[in-house]
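Everything numeric here is computed off the predicted structure, so don't read it as measured data.
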Amino acid sequence: MKSEKELNSDILRISMTILEKYPELSEYLAEMPVTIPSGNDEKISLNHLKSYYESLNSLLNKYKLKHPKIEE
């Protein structure tokens, strides 16, 4: 499993990609649930981050499939 730092980095990368290349999706970033675990269980924290990352990744991938862009 990825570390907290790696997951946060991946989440930031996808969020920035959405904001820079797919601004039409930015409204969904605000609607995505932010999961802040209440406790000190590292495994639960990582599972929340992983779930959040997977949701963002899925949103972006589904959009790309439905709206392919011509690469320059």
Side-chain angles (χ1 to χ4, degrees):
M1 182 179 270
K2 290 185 176 189
S3 70
E4 182 177 352
K5 184 177 179 179
E6 291 170 318
L7 286 168
N8 281 324
S9 177
D10 289 345
I11 289 168
L12 180 60
R13 179 182 45 79
I14 289 177
S15 297
M16 294 307 296
T17 298
I18 289 171
L19 291 173
E20 292 172 3
K21 295 184 178 181
Y22 306 96
E24 60 274 24
L25 293 178
S26 63
E27 67 184 87
Y28 297 108
L29 288 178
E31 295 175 6
M32 296 285 290
V34 176
T35 55
I36 300 172
S38 58
N40 294 328
D41 189 336
E42 185 177 328
K43 186 173 182 170
I44 291 173
S45 298
L46 290 175
N47 286 336
H48 284 277
L49 287 173
K50 183 178 180 210
S51 176
Y52 186 66
Y53 165 75
E54 289 171 351
S55 295
L56 282 175
N57 197 38
S58 177
L59 171 70
L60 184 57
N61 287 333
K62 285 179 184 178
Y63 185 81
K64 285 179 176 180
L65 286 174
K66 290 182 180 180
H67 303 89
K69 284 187 172 184
I70 298 173
E71 297 294 325
E72 297 179 14

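Note: Y52 OH to N8 CG = 10.5 Å, rounded to the nearest 0.5 Å. Here the straight-line distance linking atom CG of L60 with atom CG of L65 works out to 9.5 Å at 0.5 Å rounding.
Y28 meets the ring pair (Phe, Tyr, Trp, His ring centres under 6.0 Å) test with no other residue; sequence neighbours excluded. Every residue two or more places apart in sequence or in another chain was checked for a side-chain hydrogen bond (donor to acceptor under 3.5 Å, both in side chains) with K64, and none qualifies. Taking the side-chain contact (heavy atoms from CB on, under 4.5 Å) definition, one finds that S15 meets it with I11, L29, L56, sequence neighbours left out. Residues forming a side-chain hydrogen bond (donor to acceptor under 3.5 Å, both in side chains) with E54 (at least two apart in sequence, or on another chain): none. With sequence neighbours left out, S3 forms a side-chain contact (heavy atoms from CB on, under 4.5 Å) with K5, E6.
A continuous path of Ile, Leu, Val, Met, Phe, Trp and Tyr side chains, each step under 4.5 Å between heavy atoms, connects L49 with L12, placing both in one hydrophobic cluster. The hydrophobic clustering, which links ILVMFWY residues whose side-chain heavy atoms are closer than 4.5 Å, places L59 and M16 together.
In this structure, N57 contributes its side chain and Y53 its backbone to no donor-acceptor pair below 3.5 Å. The backbone N or O of N47 sits nowhere less than 3.5 Å from a side-chain atom of S51 that would complete a donor-acceptor pair.
Applying the salt bridge (Lys or Arg N to Asp or Glu O under 4.0 Å) test to every pair with at least one member in residues 8-17, sequence neighbours left out, gives these pairs: K2-D10, D10-R13.
Side-chain contact check for E24 versus Y63: some heavy-atom pair is nearer than 4.5 Å.
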